[in-house]
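Here is the structure we will look at, set down as structure tokens.
Throughout, residue positions are numbered sequentially from 1 according to the sequence presented. The structure displayed is predicted, hence computed values, not measured ones.
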Amino acid sequence: MTEKHYAVAIDGPSGAGKSTLARAAAEVLHILYVDTGAIYRTIGVYMYRHDIQPTDAAAVTAALPEITVSLRYDEDGLQRMYLNGEDVTKEIRLPAISRYASDVSAIPQVRDYLMELQRSLAREHSVIMDGRDIGTVVLPDADVKIFLCADVETRARRRCLELEQRGTPKPFDEVLREMEQRDYNDTHRAAAPLRPADDAIMIDNTDMDFAASLELLLDVIRGSVEQ
């Protein structure tokens with residue numbers, strides 16, 4: 001499968017396991033994994049550091065010319081994010097940055113600014129890319145489009161476990177409220193709202209563990225690419 005150049009687009013709500021599963025699938029398939037959420041989080045870091053409200057579209061847009069976002073891959077193949085040449089891979093995962101990433105991603109100018117970066121990676125490599133609008137906007141001609149979802153309580157529990165493992169635990173009720181708000185924001189924003197592409201394959205992994213979710217994801221990708 002590595003000889004054929006192809007693109008896999010995975011969309012879905014926060015906490016569905018997109019990034020973890022996409023990263024694992026990319027490793028198995030020996031293709032490039034692109035975490036687009038990390039790219040928006042990097043923009044969020046800049047706004048956070050400069051005390052720019054992420055909902056202030058005019059101020060955020062005015063700051064974009066001052067920002068250079070780049071991706072590099074370390075010796076283990078993990079994506080690392082650079083903001084104006086500084087490695088911010090750890091900082092983008094701080095809870096405070098999540099809201100900034102969600103808000104700035106709703107601004108059309110930010111999405112346009114980052115579009116070419118994302119598309120260029122798909123032109124140059126076989127990729128598996130996850131986000132909110134990959135199959136609908138970023139890579140509308142992707143060879144495989146998947147919409148990965150799970151019920152919100154399950155996603156909140158997964159996120160709580162993830163935060164606990166990172167050493168930044170939060171109460172379940174708080175995580176659930178934030179996730180419900182994120183879902184609303186993502187599905188109701190004017191710019192590229194979260195929705196399945198018309199030709200996306202739906203995967204609901206509410207009742208699946210990681211191994212079962214990965215196996216199904218790989219089956220779908222292989223079945224689609226080999227057709």
Residues E124, H5; criterion side chain to side chain contact (heavy atoms under 4.5 Å, CB included); working and verdict
CA-CA 9 Å; E124 297 164 6; H5 185 87; 6.0 Å; no

Determine the minimum heavy-atom distance between [X] and [Y], stating which atoms define it.
{"X": "M208", "Y": "S213", "answer": "CB-OG, 3.4 Å"}
{"X": "L21", "Y": "L214", "answer": "CD2-N, 3.6 Å"}
{"X": "A106", "Y": "A191", "answer": "O-CB, 3.7 Å"}
{"X": "V104", "Y": "M47", "answer": "CG1-CG, 4.1 Å"}
{"X": "R195", "Y": "F147", "answer": "C-CE1, 3.6 Å"}
{"X": "G131", "Y": "T36", "answer": "CA-OG1, 3.3 Å"}

Give the intermediate values and the outcome of side chain to side chain contact (heavy atoms under 4.5 Å, CB included) for residues E162 and R157.
CA-CA 9 Å; E162 179 184 345; R157 283 194 294 272; over 6 Å; no

With a 4.5 Å heavy-atom cut-off, do [X] and [Y] have their side chains touching?
{"X": "M129", "Y": "V8", "answer": "no"}
{"X": "V127", "Y": "Y33", "answer": "no"}
{"X": "V110", "Y": "S105", "answer": "no"}
{"X": "Q79", "Y": "V34", "answer": "yes"}
{"X": "M179", "Y": "R159", "answer": "yes"}
{"X": "Y6", "Y": "I128", "answer": "no"}
{"X": "R23", "Y": "L78", "answer": "yes"}
{"X": "D143", "Y": "S224", "answer": "no"}

List for me each residue that meets side chain to side chain donor-acceptor pair (under 3.5 Å) alongside K145, sequence neighbours excluded, and say none if there are none.
D199

Check step by step if salt bridge (Lys or Arg N to Asp or Glu O under 4.0 Å) holds for D103 and R99.
CA-CA 6 Å; D103 289 340; R99 180 178 67 86; 3.5 Å; yes

Test side chain to side chain contact (heavy atoms under 4.5 Å, CB included) on L148 and D204; report intermediate values, then the result.
CA-CA 6 Å; L148 184 67; D204 185 328; over 6 Å; no

Going by distance alone, is a donor N or O of one side chain under 3.5 Å from an acceptor N or O of the other, for N205 and R155?
no

If two hydrophobic side chains count as joined below 4.5 Å and joins carry through other members, does [X] share a cluster with [Y]?
{"X": "V138", "Y": "L117", "value": "yes"}
{"X": "L139", "Y": "L32", "value": "yes"}
{"X": "V137", "Y": "I43", "value": "yes"}
{"X": "I67", "Y": "I97", "value": "yes"}
{"X": "L218", "Y": "F210", "value": "yes"}

Do T42 side-chain atoms and A38 backbone N/O form a donor-acceptor pair below 3.5 Å?
yes

Using modelled atom types and a 3.5 Å cut-off, is there a donor and acceptor pairing between side-chain atoms of H50 and backbone atoms of Y46?
yes

Mark yes or no: R80 above the aromatic ring of Y73, with NZ or CZ under 6.0 Å from the six-membered ring centre and no more than 45 degrees from the axis.
no

Atom [atom1] of [X] and atom [atom2] of [Y]: how far apart are they, to the nearest 0.5 Å?
{"X": "D133", "Y": "M115", "atom1": "CG", "atom2": "CE", "result": "6.5 Å"}
{"X": "R132", "Y": "D11", "atom1": "CZ", "atom2": "CG", "result": "9.0 Å"}
{"X": "E86", "Y": "L83", "atom1": "CD", "atom2": "CG", "result": "6.5 Å"}
{"X": "I203", "Y": "C149", "atom1": "CD1", "atom2": "SG", "result": "9.0 Å"}
{"X": "T206", "Y": "E153", "atom1": "OG1", "atom2": "CD", "result": "9.5 Å"}
{"X": "I146", "Y": "K18", "atom1": "CD1", "atom2": "NZ", "result": "12.5 Å"}

Considering the options Q181, H188, R182, which one meets the side-chain hydrogen bond (donor to acceptor under 3.5 Å, both in side chains) requirement together with N185?
Q181

E215 vs D219, side chain to side chain contact (heavy atoms under 4.5 Å, CB included): CA-CA, chis, key distance, verdict
CA-CA 6 Å; E215 183 178 3; D219 286 346; 4.1 Å; yes

Would the number of heavy atoms belonging to other residues, nucleotides or ligands and lying under 6.0 Å from CG of D74 be above 12?
yes

E27 CD: over 12 foreign heavy atoms closer than 6.0 Å:
no

Please tabulate, for side-chain N and O atoms in residues 52-61, each donor-acceptor pair with protein atoms closer than 3.5 Å (sequence neighbours left out).
{"residue": "D56", "atom": "OD1", "partner": "A58", "partner atom": "N", "Å": "3.4"}
{"residue": "D56", "atom": "OD1", "partner": "A59", "partner atom": "N", "Å": "3.2"}
{"residue": "T61", "atom": "OG1", "partner": "A57", "partner atom": "O", "Å": "2.7"}

With Y48, which residues qualify under ring-ring contact (aromatic ring centres under 6.0 Å, His included), at least two apart?
Y100

Ion pair R49/E91, N-O distance below 4.0 Å
yes

Could you tell me whether D35 and R93 have a side-chain N and a carboxylate O separated by less than 4.0 Å?
yes

